[in-house]
Amino acid sequence: MALERTLSIIKPDATRRNLTGKIAAKFEDAGLRIVASKRIQMTPAQAGVFYEVHKERPFYGELCEFMASGPVVVQVLEGEGAIAKNREVMGATNPKDAAPGTVRADFAESVGENSVHGSDAPETAAVEIAFFFSGLELVG
Ligand code: DAT
Ligand code: MG
């Protein structure tokens, strides 16, 4: 398996409840290294660009408003098979379907407010990392 990097976002529902550390611990416990991390707040327009792939879906407006509703912690996670490993740590999109012990099973409030984002493929990981970070900010 290849050494990969993936983009993670700890979403506003989680930062609001002070869960940043507990969620980051799950990444580290799974062997993922946090090689970049910052706390920011997006505008709805910025969230709209980030989630452009979902713009035709009925929940797009709600999703952009939610992602701009409070601070988020954006991180780059590195490790062997990091993209799939992070998706495992996150759990299914809908917390009702998420396996026990995953971030979404333990913390997510609903399918819309589900605590974390993670890239889904190498191509999207590269685009999403570049959306938030310059090369100088990635310290492996
Ligand atoms: P994931 O975040 O697991 O990659 P996705 O890419 O299908 O899931 O959707 C992106 C986000 O959009 C998801 O984390 C929360 C929101 N979302 C997805 N399906 C939804 C739905 N049925 N109702 C409300 N929000 C939804
Ligand atoms: Mg997705």
Side-chain angles (χ1 to χ4, degrees):
M1 212 179 287
L3 189 68
E4 290 178 339
R5 286 176 171 175
T6 188
L7 184 88
S8 166
I9 306 178
I10 300 176
K11 295 185 179 182
D13 67 286
T15 61
R16 191 179 298 131
R17 289 175 290 147
N18 238 10
L19 294 169
T20 301
K22 287 200 174 90
I23 292 173
K26 284 190 188 282
F27 300 148
E28 293 188 331
D29 288 349
L32 294 164
R33 181 177 302 278
I34 300 167
V35 300
S37 183
K38 61 187 171 189
R39 181 174 166 101
I40 61 164
Q41 183 159 0
M42 286 188 275
T43 64
Q46 288 168 331
V49 176
F50 180 76
Y51 273 123
E52 199 142 38
V53 58
H54 294 306
K55 68 172 180 291
E56 303 303 336
R57 298 174 80 176
F59 53 79
Y60 179 67
E62 195 183 317
L63 173 63
C64 297
E65 289 297 325
F66 165 62
M67 290 300 288
S69 69
V72 297
V73 176
V74 289
Q75 299 183 314
V76 179
L77 309 178
E78 182 182 86
E80 293 292 316
I83 296 166
K85 190 176 280 182
N86 182 43
R87 299 289 311 190
E88 269 173 45
V89 174
M90 290 164 60
T93 306
N94 189 333
K96 289 187 186 130
D97 303 325
T102 61
V103 173
R104 284 165 166 171
D106 285 359
F107 302 128
E109 302 193 298
S110 65
V111 65
E113 306 207 355
N114 60 5
S115 302
V116 278
H117 167 84
S119 308
D120 59 11
E123 300 72 30
T124 48
V127 171
E128 290 178 0
I129 290 169
F131 186 85
F132 290 108
F133 294 99
S134 74
L136 276 176
E137 293 177 293
L138 306 172
V139 186

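Remember, predicted model here, so these are calculated numbers, not experimental data. Note that ligands are numbered from 1 as they come in the structure, with each ligand's atoms numbered from 1 the same way.
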For Leu32, what are the other residues in its hydrophobic cluster, where any two members join if their side-chain heavy atoms are less than 4.5 angstrom apart?
Ile10, Leu19, Ile23, Phe27, Ile34, Val73, Leu77, Val89, Met90, Val103, Phe107, Val116
Going by the side chain to side chain donor-acceptor pair (under 3.5 Å) test, which pairs reach into residues 94-108, not counting sequence neighbours?
Lys26-Asp106
Both conditions, 6.0 Å and 45 degrees, for the charged tip of Lys11 above the ring of Phe66: are they met here?
no
Compile the protein residues with any heavy atom at a distance under 4.0 Å from an atom of ligand 1; present them by chain, then by number.
Lys11, His54, Arg57, Phe59, Leu63, Arg87, Thr93, Arg104, Val111, Gly112, Asn114
Under the ring-ring contact (aromatic ring centres under 6.0 Å, His included) test, residues paired with Tyr51 that sit two or more places apart:
His54, His117
Could you tell me whether a side-chain N or O of Glu28 sits under 3.5 Å from a main-chain N or O of Ala25, the two making a donor and an acceptor?
no
In terms of heavy-atom contacts, does CZ of Arg33 have more than 12 from other residues, nucleotides or ligands at under 6.0 Å?
no
